[in-house]
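Shown next, in structure tokens, is the structure this report addresses.
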Amino acid sequence: MPVIKLCPKLILEGTRLTGKTDLALALNESSRITGVRKYRYHSPIVSAEWNGFTPNPYGCSLINFDAAYEKPAMESYRLWVSLFELYRYYSWIIDRFHISTQMWQAIYRGRRYRFEWLESRLAALGFRLVFCWRDPSSFAEARVRRLKVSSNPSQYDDLTLFIREQEILQELLKKSVIPSLRIDVTDYSLDEQVDYIADWLEATGGLNATETQPEPKRALLPVFPRLAEGMIAG
């Protein structure tokens, strides 16, 4: 039987305590997503949460960078999308990316970043967005489970922040040009989530690389004026 090469390109978005990383790992091991394997080998999972700019273990990342690291953060996005374009015929699973950057920067730095050119290039490659959504009333229970393994428990002290982040993420995803799917992680098992996403990808052609060309490239720059009311209105 011939081996069928699958090339899904998924960006998982959602706030903390929504199980994105566990889902990313499960998707990367699913034969329906990345194909049948006779042995284990390297298959990439990328994350904008990697804090590689500073030696601090909880330093800034592509999501929560400050003004001093804005330039390398923007250059990193350019490099990532260029790599995805060069490796078009491969699977890419990303645990948080530019939508999380837009959300965090808008809420905590008061800066709105425009990623139209980046989204155009990602959409042309066939990327899909998966929004991991949790019922707001269930965050407290999720925190109890997380505190058993967390090395930085203080980040879960204020759950209202997560609920607010989730609301902003949802608004940003509505504006994205990349096809998206919202998945409720509150009660569904990891296996059920993987099957739901696989069904969606199979039904919409999301397992194969596309030959679409992106829209003309534009500079990746922050917007300095007041944030859009719809993004941060309480």
Side-chain angles (χ1 to χ4, degrees), residues 8-30 32-33 45-49 58 61-64 93-108 112 119 127-204 206 227-234:
K9 297 170 180 63
L10 290 169
I11 299 172
L12 306 185
E13 286 290 3
T15 188
R16 287 163 290 177
L17 298 177
T18 54
K20 298 177 307 302
T21 301
D22 287 339
L23 179 57
L25 293 167
L27 290 167
N28 207 31
E29 293 292 329
S30 170
R32 295 185 64 191
I33 303 294
I45 294 180
V46 175
S47 178
E49 290 188 293
Y58 303 110
S61 67
L62 286 183
I63 296 173
N64 65 350
I93 296 175
I94 306 178
D95 181 2
R96 304 188 80 171
F97 210 48
H98 67 291
I99 301 291
S100 281
T101 299
Q102 288 178 305
M103 175 275 294
W104 197 95
Q105 294 292 328
I107 295 177
Y108 302 107
R112 182 183 173 210
E119 288 217 333
F127 268 92
R128 306 296 174 90
L129 284 163
V130 174
F131 178 35
C132 298
W133 180 90
R134 173 177 290 285
D135 187 299
S137 65
S138 71
F139 273 101
E141 181 182 350
R143 175 175 57 185
V144 172
R145 295 195 298 268
R146 180 62 58 84
L147 290 180
K148 296 177 181 179
V149 297
S150 175
S151 60
N152 185 24
S154 63
Q155 66 182 307
Y156 305 109
D157 288 347
D158 188 354
L159 293 180
T160 62
L161 294 178
F162 300 166
I163 295 171
R164 184 59 177 147
E165 289 177 1
Q166 180 167 268
E167 292 171 350
I168 300 300
L169 285 170
Q170 184 161 267
E171 291 303 311
L172 289 166
L173 283 158
K174 289 178 181 178
K175 300 174 183 178
S176 174
V177 300
I178 301 173
S180 63
L181 175 74
R182 190 180 92 161
I183 185 164
D184 188 341
V185 304
T186 309
D187 297 315
Y188 291 99
S189 69
L190 201 57
D191 288 341
E192 289 173 323
Q193 294 174 39
V194 170
D195 284 339
Y196 187 58
I197 293 169
D199 289 343
W200 175 58
L201 292 175
E202 289 173 355
T204 59
L227 297 174
E229 295 295 330
M231 181 181 293
I232 61 171

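Basis for what follows: all heavy atoms, side chains included, without hydrogens, waters or symmetry-related copies.
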Sequence neighbours excluded, every pair satisfying salt bridge (Lys or Arg N to Asp or Glu O under 4.0 Å) that has a member inside residues 13-24: Arg16-Glu165
Listed once per pair and sorted, the salt bridge (Lys or Arg N to Asp or Glu O under 4.0 Å) pairs that draw on residues 193-202, sequence neighbours left out: Arg32-Asp195, Arg32-Asp199, Arg32-Glu202
Nearest-0.5 Å distance that lies between atom OG1 in Thr15 and atom CZ in Phe131: 9.0 Å
Non-hydrogen atoms of Ile45 and Ala24 that approach each other most closely: CD1-O, 3.7 Å
Salt-bridge criterion met for Glu141 and Arg145 (N-O under 4.0 Å): yes
So, do [X] and [Y] sit near enough that their side-chain heavy atoms are less than 4.5 Å apart?
X	Y	result
Ile163	Gln166	no
Glu49	Asp95	yes
Asp135	Trp133	yes
Pro179	Thr204	no
Met103	Arg96	yes

Tyr156 and Phe162 aromatic ring geometry - parallel, tilted or perpendicular at 30°/60° bounds: perpendicular
Partners meeting side-chain contact (heavy atoms from CB on, under 4.5 Å) with Ser189 (sequence neighbours left out): Asp191, Glu192
Atom CG of Asp187: over 12 foreign heavy atoms under 6.0 Å: no
